[in-house]
Amino acid sequence: MCKNYNVIEQPGHAPIKAWTKGVPFEEEAQQQLRNIASMPLVHSHIAVMPDVHLGKGATIGSVIPSVDAVIPAAVGVDIGCGMVATKTTLTASQLPDNLSAIRHAFEAAVPHGRTSGRGRSRDRGAWHNIPEIVAGEWVKLQTRFERICAKHPAIKKTNNVNHLGTMGTGNHFLELCLDENNAVWIMLHSGSRGVGNRIGTYFIELAKKEMQRHQINLPDMDLAYLEEGSEYFDDYVEAVEWAQDFAAKNREIMMFNAIAALRKQLPIEFSTAELAVNCHHNYVSRERHFGKDCFVTRKGAVRAKKGEMGIIPGSMGARSFIVRGLGNPDSFNSCSHGAGRVMSRTKAKKIYNVDDQIKATEGVECRKDASVIDEIPHAYKDIEHVMEAQKDLVEVVYTLKQIVCVKG
DNA sequence: ATGTCC
């Protein structure tokens, strides 16, 4: 039978199954994946999604199943980063012609940008808004966090309370979108902010020290792993699961606040009950594949079990997709997390200007200044090609086009 | 992606 993926094989190592037909696949990313596939902890094979590109530690767009061990740098530092999308009962005709008031209401309701140091500092301070409906759950999260910090006080050096309900920077965003039937959606991309970053970097360092202590040689020190039964393994799993829960709750709060902000802007009532999806794309989870219990690390990949809903966003000017998983076992039930970059932020800023960005984001109510050129759609792969390359992983349920975009 | 250091 004709498979929709390419296979990269190395003698004695796990194969790499890559859903990259018709999309760019850099040689540097392939080498990084060969390094990962050479590690004995890999179960069965590695799966590569069509938005693949070079990352720090692990490749973005990779799915790594491991037995009795995890690679903290494969999860990365934005632990639990992911997407949430909610369909509303509103339609396009119920929105005002000029969307700038809605954009400004979103910007006010969802703190975004850098917390300190250089940059715009728009989310500085505790002016975020934790809705009452999640206040109890937040207390539970805090209790769990205290327990982790009691064992690893270095993690506590973070401003985690002030970050709940805040979006962050870079490719994190909040959008108002229309689907193919002109229904209005709210969609958001964010993660575990400073606290997840602290947990990630802390355990990546511990894993490296473990490698040195046991004199284990790796093709790349960023592939340092923690073995089940060793000193830090359980604590990492506990902390990473906590950061994932923090990230999901963070998105839920921002979605709540964005909906409330939209309500204040419109003279009509609407509801949001019909469909909401909240999924991680940087995370690790315990799953069973090919007859073995293992840890599955998805770095820039979304779980797509049969019938499971996911979100695959395009870039600032491109379409996004609400998808339903097809449960493809060779992909470990996964799909891509977006379009995937084709060039670095530095390169995008060098070769494109504000005029290019204005043209690429025509019809979108968003910032179009020099600060967002690194997010120009040209810096990403063509999302249509990316979707074509994974048609045996997911089916498209809704196609969204943004009309308002708030970038972090 | 993040916060802090130069």
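As the structure is a prediction and not an experimental result, all values here were calculated from the model. Numbered from 1 within each chain, the chains take letters A, B, ... in sequence-line order. Any value given below was found using the heavy atoms of this structure, including those in side chains, with hydrogens, waters and symmetry copies removed.
- Between A/Ile204 atom CD1 and B/dA1 atom P the separation is 15 Å, expressed in whole Å.
- Taking a cutoff of 4.0 Å between a charged side-chain nitrogen and a carboxylate oxygen, A/Arg303 and A/Glu308 qualify as a salt bridge.
- A/Arg198 has no side-chain polar atom (N or O) that falls below the 4.0 Å cut-off from OP1 or OP2 of B/dT2.
- The distance from atom CG of A/Asn282 to atom P of B/dT2 is 11 Å, rounded to the nearest whole Å.
- Rounded to whole angstrom, the span from the CD1 atom of A/Ile199 across to the P atom of B/dA1 amounts to 18 Å.
- As rounded to whole Å, 9 Å separates atom P of B/dA1 from atom CG of A/Asp374.
- OP1 or OP2 of B/dG3 has at least one side-chain nitrogen or oxygen of A/His163 nearer than 4.0 Å.
- Between A/Asn197 and B/dG3, a side-chain N or O to OP1/OP2 separation shorter than 4.0 Å is absent.
- Atom C1' of nucleotide B/dA1 and atom NE2 of A/His337 are separated by 12 Å, given to the nearest angstrom.
- The separation between A/His280 atom NE2 and B/dA1 atom P is 17 Å, rounded to whole Å.
- A/Lys156 has its NZ atom 17 Å from the P atom of B/dG3, to the nearest Å.
- Salt-bridge check for A/Glu384 with A/Arg319: passed, with a basic side-chain N closer than 4.0 Å to an acidic carboxylate O.
- Protein atom CD1 of A/Ile155 is 18 Å distant from nucleotide atom P of B/dT2, rounded to whole Å.
- Every ring-ring contact (aromatic ring centres under 6.0 Å, His included) that A/His280 has, sequence neighbours left out, goes to A/Tyr283.
- Under the salt bridge (Lys or Arg N to Asp or Glu O under 4.0 Å) criterion, A/Glu227 pairs with no residue, sequence neighbours left out.
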